[in-house]
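Encoded as structure tokens, the structure appears first; notes follow it.
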Amino acid sequence: MARARTPADLVGAQPGPSFEITFDGRPVPALPGQSVAAALWAADILAWRTTRVGGRPRGAFCGIGQCYDCLATINGTPNRRACLVPAGPGDAITTQEGHGHDRLGV
Amino acid sequence: MTASASESPGSTEPTEPTEPTEPTEPTEPTEPSGPSRLYDLAVIGAGSAGLAGAVTAAELGLSVALLDTATGTGGQFYRHPAPAVGALRPEALHHDWSAYAGLRRRLEASTVTRLGGHHVWTVSREGASGDGAFGEGAFREGASREGVFGDGEGPWTVHAVTGADGCAERPVRVWARAVLLATGAYERQLPFPGWTVPGVIGAGGAQAMLKSGLVLPGKRVVVAGSGPLLLAVASSLAAAGARVPAVIEASGYLAYARHPRVLAANPHKLAEAVVHGGTLLRHRVPLRTRSAVTEVHGRDRVEAVTVTRLDRDWRPLPGTARRIACDAVAVGHGLVPQIELATTLGCATRTTPDRATALLLDDLQETSVPDLWAAGETGGIGGARLARAEGELAGLAIAARLRGRPAHRGRVRELQRRRDRMRAFADAMAAAHAPGAGWSRWLTDDTDVCRCEEVTAGSIRAAVADLGARDARTVKLLTRAGMGWCQGRMCGSGVACLAAGDGVGEPPAERRPFATPVPLAALASLDEPADAGNAPADAGNAPGDAGRDPARGAHHPC
């Protein structure tokens with residue numbers, strides 16, 4: 001394998017036009033077929049959750065839906081696995097704090 | 001059946017492919033299925049083993065449902081971009097792509113019902129005289145030995161939740177006379193100080209994100225851990241444009257030399273190693289054996305790692321630490337079989353040479369539970385080529401059982417020979433990369449071992465030393481280690497070793513009623529009439545509305 005400049009170069013990707021999602025209100029481009037986690041990685045965002053006990057930042061770890069470290073609040077619903085959920089135009093991703101159910105008062 | 005990507009908030013509709021090289025992978029079944037459809041065979045997992053099993057069985061006339069959590073096929077090994085990405089050369093990131101392309105062509109030409117976006121949470125079987133949609137007579141044809149055809153048991157019920165991450169919550173049941181488990185594997189992780197810092201990711205995870213999302217976790221990625229997957233990951237990352245300052249391997253590759261005959265019998269493995277080795281050489285990626293990443297520097301993002309030499313038992317050698325600047329670390333210590341669905345049914349297991357738990361299978365891939373077969377990594381980690389051979393063998397055996405006719409003997413023998421040869425290599429590989437007893441010396445007391453529950457090595461050691469815990473289960477009860485979302489998949493190996501007094505331990509074979517988180521709404525709907533499996537989305541009373549129910553289940557993270 002020769003070195004490509006980007007992964008997309010390597011596989012000759014010709015994706016459809018990119019669309020916009022937001023992360024904590026700021027616009028992030030996403031490509032059709034990309035997961036939320038992939039779109040965030042492409043924007044150099046590696047953390048989108050803080051832990052329940054230590055408040056530490058977390059993002060994707062296992063990349064295949066097994067570890068639940070990549071939980072994010074997507075369009076207001078907490079605890080979505082960002083590595084599995086495909087990004088859709090206009091999706092609002094927000095950093096999930098703790099268990100994500102603060103508004104329930106639990 | 002709809003696989004309901006559209007029911008999942010924030011998802012997009014499946015998009016038509018833009019290139020002929022990437023045929024559309026519909027989530028609709030290839031043939032309509034009635035509300036009470038009983039399949040001959042349900043295959044769980046659409047990777048190499050599941051695909052081979054499904055097409056083989058279907059070509060022999062069986063009706064087959066093929067379920068997978070992903071929308072597309074290929075499993076983790078042949079993970080590739082969604083059709084919408086329009087990749088002209090998906091094979092550039094894969095070894096042996098043509099084998100997968102061949103299976104996919106056969107799948108498209110087959111009658112296999114493809115159920116993408118299905119997360120199977122349990123498999124059960126009830127007596128034929130009991131409840132269920134089918135009368136006893138449905139299971140009598142083709143009787144050949146014990147199992148559904150002899151002892152009056154009913155069909156298997158495969159329970160799944162649907163959607164990209166299981167949050168669409170429309171529960172599905174699929175009934176089948178036989179089940180083939182091809183659920184693959186996940187990565188074994190051993191903790192080290194700083195492994196929870198963003199930028200540290202699973203080696204398999206980096207590979208998966210690259211293969212499907214065409215993204216990298218950073219610009220300078222250290223690849224570390226143990227096992228041949230590291231070489232594949234490093235060469236993919238380098239080829240895709242990342243700098244890889246080093247591959248850090250805890251074992252030595254000389255251990256393979258103890259198995260000369262096994263190596264000679266598996267030339268394809270050598271060829272694969274040469275391809276990866278050549279790539280690494282070309283990109284000037286050094287391989288450091290008998291070394292480990294023993295600390296990650298950086299608080300909110302990886303800035304560098306400390307690499308330390310290890311002795312033969314993986315004990316860090318004092319005075320050998322050196323720092324390598326990087327912005328990401330891809331780490332993994334081999335793979336472990338994903339077998340919860342089977343162990344919950346009481347299937348017998350074996351311990352592999354690297355102390356993982358795998359299913360014990362007979363010569364024809366059947367588990368110790370009649371009419372439940374397994375193929376690929378579930379029987380021990382061995383790779384995609386072995387998985388294909390085992391999947392085909394299982395497909396032949398299942399068709400023979402259900403049809404009451406013997407399988408083609410020559411083909412069965414040929415597949416068994418190939419399987420045994422590759423299994424011998426897999427055992428040599430597992431032995432060469434088995435974690436050494438000294439690895440936990442690199443943990444500090446404040447290292448998080450359980451990522452979900454944030455349980456430190458110090459508190460686990462206290463549970464062992466002060467409270468008398470001797471096994472992972474007791475540690476879990478005392479500390480919550482392994483009790484979180486991932487159910488111990490990430491910390492299980494580490495906790496088992498610490499529970500064994502910082503020695504070598506193995507996680508127990510879990511009997512777990514839920515292999516994946518399930519919303520309470522989905523459980524509640526199990527009392528609904530038994531048509532959920534193939535009902536359209538008009539079941540507005542419970543299942544279809546579950547996705548919008550704010551009262552989420554305790555078993556489900558949503």
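First the proteins, then the strands, lettered A, B, ... as listed; each starts at 1.
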What are the two closest non-hydrogen atoms of A/F61 and B/V200, and how far apart are they? CD1-O, 3.3 Å
After noting the C-alpha distance and the side-chain angles of A/D69 and B/W485, does the key distance pass the side chain to side chain contact (heavy atoms under 4.5 Å, CB included) rule? CA-CA 9 Å; A/D69 246 351; B/W485 288 302; over 6 Å; no
Donor-acceptor contact below 3.5 Å, side chain A/Q14 vs main chain B/G86: no
Check whether A/A39 gets within reach of chain B through its side chain, its backbone, both or neither, counting any heavy atom under 4.5 Å. neither
Tell me which one of B/L93, B/L214, B/L237, B/V215 satisfies side-chain contact (heavy atoms from CB on, under 4.5 Å) with A/P7. B/L214
Contacts satisfying salt bridge (Lys or Arg N to Asp or Glu O under 4.0 Å) that involve residues 201-218 of chain B (not counting sequence neighbours) are none
Report yes or no: do A/Q66 and B/Q338 form a side-chain donor-acceptor pair below 3.5 Å? yes
Contact part of B/R489 toward chain A, heavy-atom cut-off under 4.5 Å: side chain, backbone, both or neither? side chain
What part of B/Q487 is in contact with chain A, defined as an atom under 4.5 angstrom from a non-hydrogen atom: side chain, backbone, both or neither? neither
Take A/L10 and B/R89 through the side chain to side chain contact (heavy atoms under 4.5 Å, CB included) test and state the conclusion after the steps. CA-CA 8 Å; A/L10 183 63; B/R89 297 184 298 275; 5.9 Å; no
To the nearest 0.5 Å, what is the distance between CZ (B/R79) and CD1 (A/I64)? 7.0 Å
With a 4.0 Å cut-off on N to O distance, would you call A/R56 and B/D300 a salt bridge? yes
Straight-line distance of B/M209 CE to A/S35 OG, nearest 0.5 Å: 5.0 Å
Ignoring hydrogens and geometry, is there a side-chain-to-backbone donor-acceptor pair from B/E454 to A/T51 under 3.5 Å? no
Heavy-atom pairs under 4.5 Å with chain A, option from B/A203, B/G205, B/P217 with the top count: B/P217
Would you say the side-chain atoms of B/D165 pair up with the backbone N or O of A/R81, donor to acceptor, closer than 3.5 Å? yes
B/E453/A/R52 ion pair, N-O < 4.0 Å: yes
Could you tell me the separation between the SG atom of A/C62 and the CD atom of B/E187, rounded to the nearest 0.5 Å? 8.5 Å
Which atom pair, heavy atoms only, marks the closest approach of B/A164 to A/P86? CB-CD, 3.5 Å
How far apart are the closest heavy atoms of A/G63 and B/A208, and which atoms are they? O-CB, 3.9 Å
Heavy-atom closest pair (B/P198 atom, A/A47 atom, distance to 0.1 Å) is CG-CB, 3.8 Å
At a heavy-atom separation under 4.5 Å, does B/L216 approach chain A through its side chain, its backbone, both, or neither? both
Counting heavy-atom pairs under 4.5 Å with chain A, which one of B/M490, B/R451, B/Q189 comes out on top? B/R451
Which atom pair, heavy atoms only, marks the closest approach of B/P517 to A/Y68? CD-OH, 2.6 Å
Derivation of the salt bridge (Lys or Arg N to Asp or Glu O under 4.0 Å) call for B/R301 and A/D44: CA-CA 11 Å; B/R301 178 77 194 249; A/D44 202 31; 3.2 Å; yes
Taken to the nearest 0.5 Å, the spacing of A/C70 SG from B/I201 CD1 works out to 12.5 Å
